[in-house]
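All chains are named by letter (A, B, ...) in the order of the sequence lines, taking the proteins before the strands, and each is independently numbered beginning at 1.
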Protein chains: 2
Amino acid sequence: MAAPSSAGPEQRPIATVDIVLVTLGEEGLRLCLQRREHEPHAGELALVGGYVRPEQDADIEAAARRILAGKARLEGLYLEQVRSFGGPGRDPRGWSIAIIYLALVPEERLIAAEAAGAPRFERIDPDRLPPLPFDHARLITAALARLRSKASYSTLPAFLLGDQFTLPELKAVYEQAIGTKLNDSAFRRKLMEMQILEEVDAKASATAERKRPAQLYRLARRTLTEFDRTV
Amino acid sequence: MAAPSSAGPEQRPIATVDIVLVTLGEEGLRLCLQRREHEPHAGELALVGGYVRPEQDADIEAAARRILAGKARLEGLYLEQVRSFGGPGRDPRGWSIAIIYLALVPEERLIAAEAAGAPRFERIDPDRLPPLPFDHARLITAALARLRSKASYSTLPAFLLGDQFTLPELKAVYEQAIGTKLNDSAFRRKLMEMQILEEVDAKASATAERKRPAQLYRLARRTLTEFDRTV
DNA sequence: TTAATAGTGTCTCTCAGACATTATCAC
DNA sequence: GTGATAATGTCTGAGAGACACTATTAA
């Protein structure tokens with residue numbers, strides 16, 4: 001075995017955080033990409049990302065939140081580390097490590113961010129990805145696999161909705177995230193038995209355009225809850 | 001938003017790979033630690049780990065395999081990335097990122113590695129961890145959580161056994177990994193229905209010391225298989 | 001009243017756990 | 001045969017899906 005090197009700064013890899021930002025559009029899950037401001041690949045659609053800054057960041061998640069706030073004007077989102085990719089060829093600037101985060105954002109927060117001056121988000125159908133710079137395609141694949149898998153045994157899809165939501169809305173998000181239809185009465189039964197939700201007291205809301213208004217709920221715990229069984 | 005920095009080498013974090021090496025001892029899962037050769041914390045028990053070396057490594061997993069081969073004389077193990085931790089305080093040399101891998105090793109491979117000159121592995125009961133340097137305790141916690149959770153819906157525990165094993169042996173590993181007793185006939189039923197195993201043809205083995213010998217099996221696929229349902 | 005969605009009740013089928021039974025070996 | 005573990009067969013209860021049915025609103 002070679003003698004240990006000091007691994008001085010000159011041989012350290014570049015370290016970046018890339019955020020796979022997902023929202024729920026009219027027609028299903030949408031990936032939010034922005035045009036890059038700087039080289040390389042300036043002007044092209046890509047993941048929201050940036051350098052880990054040792055002089056600023058308390059940890060990796062703090063770097064992710066700083067980047068989200070700075071480039072996307074988004075704060076307080078559901079954020080989960082997926083994994084890291086590294087190698088010599090993924091970034092022309094040199095051997096690099098990308099730590100991937102999955103972030104979920106309600107559509108209305110996106111609109112508010114754009115109104116507050118964030119560069120426009122392109123909402124992309126994840127099944128119709130355009131060619132992307134770097135290895136962003138595989139980063140996205142990894143994050144969406146995590147989303148789809150974790151959706152079926154946790155409250156993760158709820159973070160694509162606002163604070164309050166109806167059961168039919170919640171069921172629809174689960175269906176989008178998992179990719180299959182769910183049984184209505186079983187869905188209600190399970191969520192109620194598991195005590196995942198609490199009624200928003202006394203207020204049932206009128207639906208936007210028609211028909212019977214539905215009861216509003218919120219998550220009983222504001223953090224992710226994992227189930228012992230499937231949705 | 002601040003102007004983008006070039007993130008020249010001088011502001012890059014240190015990048016290391018740390019490997020949570022797990023085996024199955026007589027009395028259950030055991031964490032394998034080695035004494036550190038170099039400062040900081042030379043001589044103390046710690047995870048097998050090392051620097052990512054941009055000049056050598058094709059990707060992060062290659063770094064992990066290089067470190068395992070170099071410091072532990074182990075090759076071809078089951079290896080899975082868990083997640084990354086980073087921050088200014090976890091390593092006295094500076095702001096650092098540790099990419100954590102879970103590695104599973106059959107006990108006999110460990111013994112062979114030690115015989116081949118690897119520094120001795122201390123087999124530690126994960127429920128009785130001694131104080132550890134850096135933030136290795138939380139890295140271990142993260143990797144063991146992954147092991148315990150994934151054990152119940154995949155062939156992961158099988159990688160703690162050698163190439164061939166009996167069903168009672170396999171059941172015992174699952175029980176150790178998951179931490180609960182399993183139902184015998186249900187265990188057999190599920191593994192058989194899922195076509196996870198194949199019989200080692202015509203050879204049933206004699207047990208070491210006594211009683212009825214059991215049929216030997218091997219994994220039908222040498223890679224990890226995830227189940228649609230729980231073990 | 002009608003139309004459409006929200007929400008409930010009930011039946012059935014599947015599957016996992018419990019446990020009894022049979023099989024196969026060493027001695 | 002005896003004793004011990006390996007392997008199989010069967011029963012039962014819990015829970016998920018299917019679907020019919022009731023509830024509540026706007027128009």
Item to check | Stepwise side-chain hydrogen bond (donor to acceptor under 3.5 Å, both in side chains) check, B/Glu80 with B/Tyr78 | outcome: CA-CA 7 Å; B/Glu80 164 172 331; B/Tyr78 176 82; 2.3 Å; yes
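- For the pair A/Leu216 CG and D/dT25 P, the interatomic distance rounds to 13 Å; values are reported in whole Å.
- With hydrogens and angles left out, the side chain of A/Ser185 and the base of C/dG7 share no donor-acceptor pair within 3.5 Å.
- Using a 4.0 Å cut-off between a side-chain N of Lys or Arg and a carboxylate O of Asp or Glu, B/Glu75 and B/Arg65 do not qualify as a salt bridge.
- The listed nucleotides are C/dC25, C/dT8, D/dG17; the one nearest the side chain of B/Pro213 is C/dC25.
- In the set C/dA3, C/dC25, C/dG17, the nucleotide with an atom closest to the side chain of A/Lys211 is C/dA3.
- The side chain of B/Lys190 places an N or O atom within less than 4.0 Å of a non-bridging phosphate oxygen (OP1 or OP2) of C/dG17.
- Residue B/Arg189 has its side chain nearest to C/dG17 when only C/dG17, C/dA6, C/dT24 are considered.
- In this structure, the OH atom of A/Tyr153 is 17 Å from the P atom of D/dA16, given to the nearest Å.
- The phosphate of D/dA7 has OP1 or OP2 within less than 4.0 Å of a side-chain N or O from B/Arg188.
- Across all non-hydrogen atoms, the minimal contact from A/Leu68 to A/Leu79 is CD1-CD1, 4.2 Å.
- Rounded to an integer number of Å, the gap from A/Met192 CE to D/dA16 C1' is 17 Å.
- For the pair B/Gln215 CD and D/dT5 C1', the computed distance is 15 Å after rounding to whole Å.
- Going from atom CG of A/Leu191 over to atom C1' of C/dG7 covers 14 Å, rounded to whole Å.
- Cation-pi check for B/Arg83 over B/Phe85 is met; the charged atom lies under 6.0 angstrom from the ring centroid and within 45 degrees of its normal.
- Protein atom CG of A/Leu182 is 16 Å distant from nucleotide atom P of D/dC19, rounded to whole Å.
- With hydrogens and angles ignored, no donor-acceptor pair closer than 3.5 Å exists between the side chain of A/Arg212 and the base of C/dA4.
- A donor N or O paired with an acceptor N or O is not found under 3.5 Å between the base of D/dA16 and the side-chain atoms of A/Asn183.
- We find that CG of A/Asp184 is positioned 14 Å from P of D/dA20, with the value rounded to whole Å.
- Here A/Arg36 does not pair with A/Glu44 in a salt bridge; the nearest charged N to carboxylate O distance is not below 4.0 Å.
- If you take CG of B/Leu170 and P of D/dA6, they are 13 Å apart, rounded to a whole angstrom.
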